[in-house]
Amino acid sequence: MRSSPSVSRVLARPPLAGSYAAAVALVLLALCPFLVLTTATSLMRPVLLRDLHATPFELQLAIGLSNAGYAFGAVAAADLIQRVPRRHVYFVCEAGFVVASVVALSARGIGQFGTGIVLQGLFTGLLLVVALPPLVTRRNLRELPTTAAVVSIGLFGMVTLGPLLGGLIGDGGDWRLLFGVIAVLAAAGFAIGLLSFSPNEPLAPGAGFDWLAIPPALAVTVLPFFGVSWLTRSTFGSLVFLLPVVVGLLIGVVLIVAQYRARDPLMPVRPISNTLPVAGIAGAMITGATFTTLVELTEVFLLAAPRYSPVKVGALLTTQLLGVLVAALIFRRLLPTRWTPVLALSGLLSIAAASVVLLTLSASNAAAVVPVAALLLGYGAGAGVTPGLFLAGLSVPAAAIGSIFALVELLRSEAAFLVGPVLLHFAQDRGVTDSGYRTTVAIVLAITLLGALLLVGLYLLGGARPHRPDLDAWLGGQGGAYHSPPLAARLRKG
């Protein structure tokens, strides 16, 4: 017996399909649960080490590989959605995230816990590329600026809540309850997907597995993250640290070059190898790395010098959220204008200003200094990373934005989760309460200032003049919204 046409239409089109609010909720519920954990675990470490009977290396390795899973998942999703409908991948990933959360929260040892959080990272990376692009490319120009703000809040707003949640748990709370809440949120995302995610066709049903991109991407993420985790039990001179990091980064260079030269690349490097997207990606990488480093370094200092409780440390850093919200609102206003590159540069300069403030930090003034620095850090993250992501994404046709997001998140995650642990280990070697803290903050300040000079130099040498993005043409599938000059175009003319 055949279904009536009306029944078929109901089954084919979920009741909330086309709802902007549902699409926003779907993206936030897909991304936020894991992103909160990335900054919550640092203040939960003592509790996790005790309850899981783990060594510092084992816990750091589990956390590092979960971040590696996130970065790799974004690339894997770009390949997977070529052959499998996004809707199917979304439901598998959300269900998988729920299962992974249950695996982690029920763990009695570090092996099971590590398995759970690595899978959480992997599924979240997949969800980034599966769920976010359909929200960004909705054919409604009025929604796009709000979407840009939502992306900023989704990527960093929840990250800034992590220290507070981690502090509450580190002060005697139940970390299993946090993982339970995260599982419930993922289940809610699954339910909203049933109500709103329309059936769709794969992008390229006949495409084969990309052997030139996926295995190298796995090596690029796993090898360096393992090497950095090894620092918890060794020194910078250890081959077990140096070899995986160096080999992984070299494979990363080969991957980018291969994608640039490929005729049909998974991640289209060539279209974004010009001034605006390169500056945006470089700014996002530097901002993400310095932001992560300063937050973790401040936490370690506050726990060691004034000996604040984890919950007090988390509370002092909560002004980050206000900074992210301010940056998101400004980005919402500036996206249709010519000033997005300037906003991205302001994010990096805000991180530099936070570094200057943190150089004055001491045990006696921490309660006054940290909230100011955290506000600047939050603004820097929100203004520096998401605008950079959009500078790259809007430089290619809308259909390719998922692949671009995968590439940018791979590079940004690689920078953020490698630089932070390395510099933190450097600070601890020198003594966080002695010269280690200020020396490391000074290094971060130098990196941010050099990064700002790099961005300005890219703009000047490329001859990039601020201009409004052609969002109508981009949403209509007519090409990139930004028309950016080649790298160093002025030198080439000379």
Side-chain angles (χ1 to χ4, degrees), residues 30-31 67-90 92-93 121-137 200-225 247-274 277-278 280-282 284-285 388-415 474 477 479-480 482 484:
L31 300 181
N67 292 324
Y70 171 77
F72 172 71
V75 180
D79 177 68
L80 191 58
I81 61 176
Q82 303 296 315
R83 299 179 299 278
V84 182
R86 286 179 185 269
R87 190 172 191 265
H88 296 173
V89 179
Y90 173 82
V92 170
C93 290
L122 175 64
F123 288 130
T124 303
L126 288 159
L127 287 167
L128 172 77
V129 174
V130 170
L132 184 55
L135 175 64
V136 176
T137 57
N200 60 292
E201 295 297 324
L203 297 177
F209 180 79
D210 197 326
W211 291 99
L212 296 178
I214 301 304
L218 182 62
V220 167
T221 51
V222 172
L223 289 177
F225 283 71
V247 171
L249 293 179
L250 287 176
I251 293 174
V253 173
V254 172
L255 172 64
I256 298 301
V257 172
Q259 291 296 294
Y260 179 86
R261 301 182 63 178
R263 182 173 300 177
D264 186 22
L266 177 64
M267 296 174 288
V269 175
R270 188 181 294 270
I272 60 169
S273 58
N274 48 58
V278 168
I281 293 171
M285 291 173 64
L389 183 69
F390 272 78
L391 282 174
L394 295 177
S395 296
V396 298
I401 195 170
S403 298
I404 292 299
F405 280 2
L407 174 63
V408 175
E409 281 301 285
L410 173 66
L411 296 174
R412 185 189 69 81
S413 299
E414 198 81 6
W474 185 78
Y482 284 112
S484 174

Does the side chain of Ser413 reach to within under 4.5 Å of the side chain of Asn67, using non-hydrogen atoms?
no
Give, for atom CZ of Arg86 and atom CG of Leu80, the distance between the pair rounded to the nearest 0.5 Å.
10.5 Å
So, using side-chain hydrogen bond (donor to acceptor under 3.5 Å, both in side chains) as the criterion, who are the partners of Glu414 when residues are at least two apart?
none
Exercise: identify the closest heavy-atom pair between Val129 and Ala77
CB-CB, 3.7 Å
Using only atom types and a distance under 3.5 Å, with no angle test, would you say the side chain of Arg412 pairs donor to acceptor with the backbone of Ile281?
no
Taking only distance into account, with no hydrogens and no angle test, what donor-acceptor pairs under 3.5 Å do side-chain atoms of residues 252-261 form with protein atoms, sequence neighbours excluded?
| residue | atom | partner | partner atom | Å |
| --- | --- | --- | --- | --- |
| Gln259 | OE1 | Leu266 | N | 3.0 |
| Gln259 | OE1 | Met267 | N | 2.8 |
| Tyr260 | OH | Arg270 | NH1 | 3.4 |

Going by the rule salt bridge (Lys or Arg N to Asp or Glu O under 4.0 Å), which residues pair with Asp210 if we only count those two or more places apart in sequence or in a different chain?
none
With sequence neighbours left out, what residues match Tyr70 under side-chain hydrogen bond (donor to acceptor under 3.5 Å, both in side chains)?
Glu409
Show me the donor-acceptor pairs within less than 3.5 Å that the side chains of residues 389-397 make with the rest of the protein, sequence neighbours left out.
| residue | atom | partner | partner atom | Å |
| --- | --- | --- | --- | --- |
| Ser395 | OG | Leu391 | O | 2.5 |

Going by ring-ring contact (aromatic ring centres under 6.0 Å, His included), name the residues that satisfy it together with Phe405, two or more places apart in sequence or in a different chain.
none
Looking at every heavy atom in both Ala415 and Met285, which two are closest together, and how far apart are they?
CB-O, 3.7 Å
Return the minimal non-hydrogen interatomic distance between Tyr90 and Ala30, and the atom names on each side.
CE1-CB, 4.5 Å
Could you tell me if the side chain of Ile272 sits less than 4.5 Å from the side chain of Leu407, heavy atoms only?
yes
Sorted by chain and number, sequence neighbours left out, side-chain contact (heavy atoms from CB on, under 4.5 Å) with Ala284 holds for Val385
So which heavy atom on Gln82 is nearest to which on Ala78, and how close?
NE2-O, 3.1 Å
So, using side-chain contact (heavy atoms from CB on, under 4.5 Å) as the criterion, who are the partners of Val247 when residues are at least two apart?
Leu223, Leu243, Ile251
Could I get the full list of ring-ring contact (aromatic ring centres under 6.0 Å, His included) partners for Phe72, not counting sequence neighbours?
none
Please report the shortest heavy-atom distance between Pro215 and Phe209, naming the atom on each side.
CD-CE2, 4.2 Å
May I ask you to test the Pro85-Asn200 pair for a side-chain heavy-atom distance under 4.5 Å?
yes
Quick check for you: to the nearest 0.5 Å, what is the distance between Leu127 atom CG and Leu122 atom CG?
9.5 Å
Do Val92 and His88 have side chains that get closer than 4.5 Å, going by heavy atoms?
no
Set of side-chain contact (heavy atoms from CB on, under 4.5 Å) partners for Leu31, sequence neighbours left out
Val27, Leu35, Thr124, Leu128, Leu155
Tell me, please, which residues at least two apart from Ser484 pass side-chain hydrogen bond (donor to acceptor under 3.5 Å, both in side chains).
Asn274
